[in-house]
*Asks:* 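Right, I'll just put the structure down here and ask away after.
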Amino acid sequence: MDYDDIQKLFLEKGFFFPSSEIYSDAPAGFWDYGPLGVNFRNKFIESWRKNIVRRDGMIEIDGSQILSKNVFVASGHLDNFSDPIVRCNECKSVYRADRMISDISKEIISEKLSNEDYDAKIISLNIKCLKCKNSLSPVTRFNMMYDVGIGPKGDASYLRPETCQNIFVDFLRLSKTMRIKLPIGIAQFGKSFRNEISPRQSLLRLREFYQAEIEVFFNPNNVDDLDKFSEVSDTILNIHISEDKIITNSCLELVDRGILPNKFIAYYLGLVQQFYTNNGIELEKTRFRILPDDDRAFYATHSFDFEVLTSTGWLELVACNNRTDYDLSSHQKISGKDLQILDNEEKVLPHVFEISMGVDRSLYSIVEHSYKKDGERFLLSIKPGLSPYDVAIFPLSNKNDLPAFSKKIFNSLKLDFQSFYDSSGSIGRRYRRQDEIGTPICITVDFDSIENNDVTIRYRDSMEQIRVSVSEIHHKLVEYYNK
RNA sequence: GCGGUCAUCGUAUAGUCUGGUCUAAUACGUUAGCUUGCCAAGUUAAUAACUCGGGUUCAAAUCCCGGUGACCGCACCA
C-alpha cells in the first residue's frame, strides 16, 4: 500500500485530518488526531515507555511548550535555526540570500555568514530582483521558531522547536532531587513547533508535531563500561555509511570493527532497532545512516538517523545525536549556574546522547508497513498492542436478548480494554470494518450463547474462530495482550 | 517561498474544453427499517458536494483575476 492509500485510510476512518479544515484559510502543516489516531498514538507511546524508558530505568518529565528567550540564546537556535532572506523592494518576492549569491557568483557561499557579509556581496555583485530587476532589501533572518509574546508587554519567548531543551534546563533540579547516577536517560513526550516554509505530506512534515525524546547524560570518560550492553549485543543493525556501503552486523561486531564508536552508542541504537522491530517494522526496511560532517545539526559530533523505507522513499524517524556537552556548557554559561555533577567522586559536566523520535512519522510508517490487501479484504495487521481498539463485541442478530447479553460483555471489558460495540449490518461487514482499522479480536454473541454462556472469538489475521465461555473472556484477553 | 499541475457529497468518479438541459449524476460509504443468522449478500428510504473572494454575462460548477490548500520538483527538516 502506498502513501495515497494510507492517507485515505487515515481520513476515512478518523485517524487524522487537517486542522481547521472547514475554513478555507486553514494553514498547511497542522493536523488533528481523531479518535482512532489518539488511541493508536497512546499505545505507541506506552510501548515506548515500556520498552525503552522503563526498561532502561529512565525518568520522564513533561515540560512547558513555551520557553524564555534565553533558553534559545543558549541552545543556539536564535542564531542557527534561521535562513538568510532578502525581499524585493518593489514586487516583494522573497529569495534565500546565500543561494541567490551562489547562483549568480557561481561560488559556494556558506549559510553561516553574517547579514552584513551577505549585503556586501549583493552590492558588489550588483544583484537585483530576478523577476522585476528592482533593488533588494537588506538581508534579514527568517527564524523557524514561532515567537510568542508573554503578558501585556509581549516579552520575548518562543514555542520550543525541539522538546529536549526542557530536559537541559531542568537538569539542575533533576540532578539535585532525583538522586541521579550517570548514565541516566531523561525522557519527554510532547509537541514541538517549527515554522516550516513549506510543510508537505500530512503527517510526514508538520509545523506542530510530536516528539518522543530521550537525552542520555553520561560521563564521556566512561563509555565502554556498560553491563547492559549484553541485552543488545546480538541485535542486528543496518549501518548505512554511503550509498554503496551498507554494513549489516550485530551491535557487538559493529563496535569491535570500529564502525560504531563505542558500546554506549551501540547500546542505544540497539534499543531503537529492537523497539521498531517489535512494533512491526521489518529489519530489512531499516537503516542507521551515519551523517557526514556537513549534514549534521549544529550541535552534534556524531549523528545516526534511523530511517525506514516507505513508499515515499527513505524516511527519517529517529535522530540519534551525540550532543556532547554542547547544551549543558552553553546553558551553564548563559544562566551562570554550575551544571556539573558528581560521578564516582569526579566532578563532571555530563555529555548527552540524544534519541529524538518523530512520533507522527513513526505512526505513519507502522501503518504503511502493516496495511495490506488480503484478497478482497483490507487488513491493518498492526501489532496487537498498538491497535486503536483491543476488542469489538457484536451480537449476531438484534433479535431475542442478544444485544442485551452483548452489552453486558462489553461493559465487563471496557475498563480494562479499548472496546467497541457494534450491532448494525451483517456480521461479515462488521468483521471487515474492524479488520481495516486493525482490531485484533472480535467477540460474537449468537443464539447459543445465552443458553451455553459462551461466545465466538474471531482473530483478525487468520480469521480463525474459537468458542470460549463468557467467564474465560477476560483471562483470554489478558493472556493475548500479555498485560 | 519559487516553478509546474490541480481543487465537485465521507471516498472515487461524471459534468468544465463548447456557459443555459445541473433543481449537479453514479458507485462505494454512512444512518434508519425490512430481510439474513459467522466473514463487505439482498432490499427500502434517508444522508451529503461545486475550495474561498471578486469579476465578465440576461445566465457561471463551467470563462477571467486574486487568496488558500493539495500533488510533483527545488530548498529545509523529526
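Quick caveat: nothing in here was measured; it's all calculated off a predicted structure. Here is the naming used below: chain letters follow the sequence lines, and residue numbers restart at 1 for every chain. All values below come from the heavy atoms of this structure, side chains included, with hydrogens, waters and symmetry mates left out.
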*Asks:* Between A:Ser469 and A:Glu472, is there a side-chain heavy-atom distance shorter than 4.5 Å?
*Replies:*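 A:Glu472 vs A:Ser469: side chains touch.
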*Asks:* Should the pair A:Glu46-A:Lys43 be classified as a salt bridge under the 4.0 Å nitrogen-to-oxygen rule?
*Replies:*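 Salt bridge absent between A:Glu46 and A:Lys43.
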*Asks:* Taking the side chain of A:Ala28 as heavy atoms from C-beta outward, which of B:rC38, B:rU36, B:rA70 is closest to it?
*Replies:*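 Minimum distance to the A:Ala28 side chain belongs to B:rA70.
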*Asks:* Could I get a table of every N or O pair under 3.5 Å where one atom is in the protein and the other is in nucleotides 10-12 of chain B?
*Replies:*
unit_1, atom_1, unit_2, atom_2, d
B:rU11, O4', A:Glu12, OE2, 3.0
B:rU11, O2', A:Lys8, NZ, 3.2
B:rU11, O2', A:Glu12, OE2, 3.1

*Asks:* Is A:Leu269 close to A:Phe353 at the side-chain level, that is, under 4.5 Å between some pair of heavy atoms?
*Replies:*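 Heavy-atom side-chain distance check passes, below 4.5 Å.
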*Asks:* With A:Asp360, which of A:Trp31, A:Tyr210, A:Tyr33 fulfils side chain to side chain donor-acceptor pair (under 3.5 Å)?
*Replies:*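 Checked A:Trp31, A:Tyr210, A:Tyr33 against A:Asp360; only one passes side chain to side chain donor-acceptor pair (under 3.5 Å): A:Tyr33.
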*Asks:* Please determine whether a side-chain nitrogen of the Lys or Arg among A:Lys13 and A:Glu436 lies less than 4.0 Å from a carboxylate oxygen of the Asp or Glu.
*Replies:*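 Salt bridge flag = yes for A:Glu436 with A:Lys13.
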*Asks:* Only pairs with both distances under 3.5 Å count, Watson-Crick or wobble alike; so what is the partner of B:rA48 in this structure?
*Replies:*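 By the stated definition (distances under 3.5 Å), nothing pairs with B:rA48.
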*Asks:* If you take any heavy atom closer than 4.0 Å to RNA chain B, which residues from residues 32-49 of chain A end up in contact?
*Replies:*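 Those residues: none at all.
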*Asks:* Ignoring hydrogens and angles, are the base of B:rC77 and the side chain of A:Arg361 linked by a donor-acceptor pair under 3.5 Å?
*Replies:*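 Per atom types, the contact qualifies.
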*Asks:* Find the distance A:Glu376:CD to B:rG29:P and express it as a whole number of Å.
*Replies:*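 These atoms are roughly 12 Å apart.
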*Asks:* Any donor-acceptor pair under 3.5 Å linking the side chain of A:Arg432 with the backbone of A:Arg377?
*Replies:*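 It does not hold such a pair.
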*Asks:* With respect to the phosphate group of B:rU30, does any side-chain polar atom (N or O) of A:Arg433 fall under 4.0 Å of OP1 or OP2?
*Replies:*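 So the side chain of A:Arg433 is within the cut-off, an N or O lying under 4.0 Å from OP1 or OP2 of B:rU30.
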*Asks:* Can you tell me how far P of B:rC38 sits from CD1 of A:Ile393, to the nearest Å?
*Replies:*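 The distance from CD1 of A:Ile393 to P of B:rC38 comes to 20 Å, rounded to the nearest Å.
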*Asks:* With sugar-phosphate meaning primed atoms plus P, OP1 and OP2, does A:Leu206 contact a base, only sugar-phosphate, or nothing at under 4.0 Å between heavy atoms?
*Replies:*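 A:Leu206: base contact, heavy atoms under 4.0 Å.
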*Asks:* With a 3.5 Å limit on both atom pairs, tell me what B:rC34 is paired to, counting Watson-Crick and G-U wobble, or say none.
*Replies:*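 Across any shown strand, B:rC34 pairs with B:rG42.
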*Asks:* So which nucleotide does B:rU13 pair with, by the Watson-Crick or G-U wobble rule with both distances under 3.5 Å?
*Replies:*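 WC or wobble partner is B:rA25.
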*Asks:* Taking the side chain as every heavy atom from C-beta outward, state whether A:Tyr276 and A:Ser365 have any pair of such atoms under 4.5 Å apart.
*Replies:*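 Of all side-chain heavy-atom pairs linking A:Ser365 with A:Tyr276, none is under 4.5 Å.
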*Asks:* Heavy atoms under 4.0 Å, any strand shown: does A:Met357 hit a base, just sugar-phosphate, or nothing?
*Replies:*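 The residue A:Met357 makes no contact with any strand.
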*Asks:* Strictly below 4.0 Å, N to O, side chains only: are A:Lys373 and A:Asp5 in salt-bridge contact?
*Replies:*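 Judged by the 4.0 Å cut-off on N to carboxylate O distance, A:Lys373 and A:Asp5 do not form a salt bridge.
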*Asks:* For A:Phe193 and A:Gln65, what are the C-alpha separation, side-chain angles and deciding distance, and is it a side-chain contact (heavy atoms from CB on, under 4.5 Å)?
*Replies:* CA-CA 9 Å; A:Phe193 304 83; A:Gln65 298 175 345; 3.6 Å; yes
*Asks:* Describe the nucleic acid contact of A:Tyr210 in one word from base, sugar-phosphate, nothing, applying a heavy-atom distance below 4.0 Å.
*Replies:*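 Answer is nothing: A:Tyr210 stays at 4.0 Å or more from every strand.
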*Asks:* Does B:rU68 have a Watson-Crick or wobble partner in any strand here, with both distances under 3.5 angstrom, and which is it?
*Replies:*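 With both distances under 3.5 Å, B:rU68 matches B:rA7.
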*Asks:* Looking for any heavy atom pair under 4.0 Å, which part of the strands does A:Tyr3 touch: base, sugar-phosphate only, or nothing?
*Replies:*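 Sugar-phosphate, no base atom in range.
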*Asks:* Round to the nearest Å and state the distance from A:Leu379 atom CG to B:rC39 atom C1'.
*Replies:*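 Answer to the nearest Å: 13 Å.
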*Asks:* Can you measure A:Arg289 atom CZ to B:rC77 atom P for me and round it to whole angstrom units?
*Replies:*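 To the nearest whole Å, that distance equals 11 Å.
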*Asks:* Taking only N and O in the side chain of A:Gln201, is any of them less than 4.0 Å away from OP1 or OP2 of B:rA70?
*Replies:*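 For B:rA70, OP1/OP2 do not have a side-chain N/O of A:Gln201 under 4.0 Å.
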*Asks:* Counting only heavy atoms and a strict 4.0 angstrom limit, can you tell me which residues of residues 437-453 of chain A come near RNA chain B?
*Replies:*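 Listed by number, they are A:Thr444, A:Asp446, A:Phe447.
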*Asks:* Is there a donor-acceptor pair closer than 3.5 Å between any side-chain N or O of A:Arg54 and the backbone N or O of A:Ile59?
*Replies:*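 The answer is no, because no donor-acceptor pair under 3.5 Å joins these two groups.
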*Asks:* Closest-nucleotide mapping onto RNA chain B: is A:Phe209 or A:Arg377 further toward the 5' terminus? I mean the 5' end.
*Replies:*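 Nearest-nucleotide comparison on RNA chain B picks A:Arg377.
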*Asks:* Pull out every residue in residues 420-431 of chain A that has a heavy atom closer than 4.0 Å to any atom of RNA chain B, ordered by number, or say none.
*Replies:*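 Listed by number, they are A:Ser426, A:Ile427, A:Gly428, A:Arg429, A:Tyr431.
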*Asks:* Honestly, is A:Lys407 close enough over A:Tyr421, meaning NZ or CZ under 6.0 Å from the six-membered ring centre and within 45° of the axis?
*Replies:*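 So A:Lys407 does make the cation-pi contact.
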*Asks:* If I pick the P atom on B:rG66 and the same atom on B:rU5, what distance separates them, to the nearest angstrom?
*Replies:*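 The answer is 14 Å between these two P atoms.
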*Asks:* Could you give the CD1-to-P distance, from A:Ile22 to B:rG69, as a whole number of Å?
*Replies:*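 Nearest whole value for this atom pair: 17 Å.
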*Asks:* Before accepting this row, confirm whether a basic side-chain N of the pair A:Arg458/A:Asp435 lies closer than 4.0 Å to the acidic partner's carboxylate O.
*Replies:*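 Yes.
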*Asks:* Sort out the partner of B:rC63 for me: Watson-Crick or G-U wobble, both distances under 3.5 Å, none otherwise.
*Replies:*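 B:rC63 is paired with B:rG55.
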*Asks:* Tell me if the aromatic rings of A:Phe264 and A:Tyr268 count as close, with their centers under 6.0 Å from one another.
*Replies:*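 Ring centres of A:Tyr268 and A:Phe264 closer than 6.0 Å.
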*Asks:* Applying a 3.5 Å limit to both distances, which nucleotide forms a Watson-Crick or G-U wobble pair with B:rC77?
*Replies:*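 Its partner is none (no Watson-Crick or G-U wobble pair with both distances under 3.5 Å).
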*Asks:* Answer yes or no: side-chain N or O of A:Gln465 and base N or O of B:rC38 forming a donor-acceptor pair under 3.5 Å.
*Replies:*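 Indeed there is one.
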*Asks:* Within a strict 4.5 Å, meaning less than it, do heavy atoms of the A:His331 and A:Val169 side chains meet?
*Replies:*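 Side-chain contact under 4.5 Å: yes.
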*Asks:* Could you note down all residue pairs passing side-chain hydrogen bond (donor to acceptor under 3.5 Å, both in side chains) where residues 307-325 of chain A supplies at least one of them, sequence neighbours left out?
*Replies:*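 Output for this query lists A:Glu162-A:Arg323, A:Arg287-A:Glu307, A:Arg289-A:Glu307, A:Ser303-A:Asn321, A:Thr310-A:Thr312, A:Ser311-A:Glu368, A:Asn321-A:Glu354, A:Arg323-A:Asp327, A:Arg323-A:Glu354.
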*Asks:* Nearest whole angstrom, please: distance from the P of B:rC77 to the CD of A:Glu316.
*Replies:*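 The distance from CD of A:Glu316 to P of B:rC77 comes to 10 Å, rounded to the nearest Å.
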*Asks:* What contact category does A:Glu436 fall into here, base, sugar-phosphate, or nothing, at under 4.0 angstrom with non-hydrogen atoms?
*Replies:*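 Base contact - A:Glu436 has a heavy atom under 4.0 Å of at least one base atom.
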*Asks:* So if I apply the side-chain contact (heavy atoms from CB on, under 4.5 Å) rule between A:Gln418 and each of A:Leu36, A:Asp390, A:Thr439, which one comes out positive?
*Replies:*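 The single option meeting the side-chain contact (heavy atoms from CB on, under 4.5 Å) with A:Gln418 is A:Asp390.
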*Asks:* Whole Å only: how far is the CG atom of A:Leu315 from the C1' atom of B:rA78?
*Replies:*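 Result: 9 Å.
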*Asks:* In terms of relative ring orientation, are A:Phe417 and A:His474 parallel, tilted or perpendicular, with 30° and 60° separating the classes?
*Replies:*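 A:Phe417 vs A:His474 ring planes: perpendicular.
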*Asks:* Mind listing the N/O atom pairs, protein and nucleotides 51-53 of chain B, below 3.5 Å?
*Replies:*
none

*Asks:* Contact class for A:Pro27 (heavy atom, under 4.0 Å): base, sugar-phosphate, or nothing?
*Replies:*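 Here A:Pro27 touches the backbone only, sparing every base.
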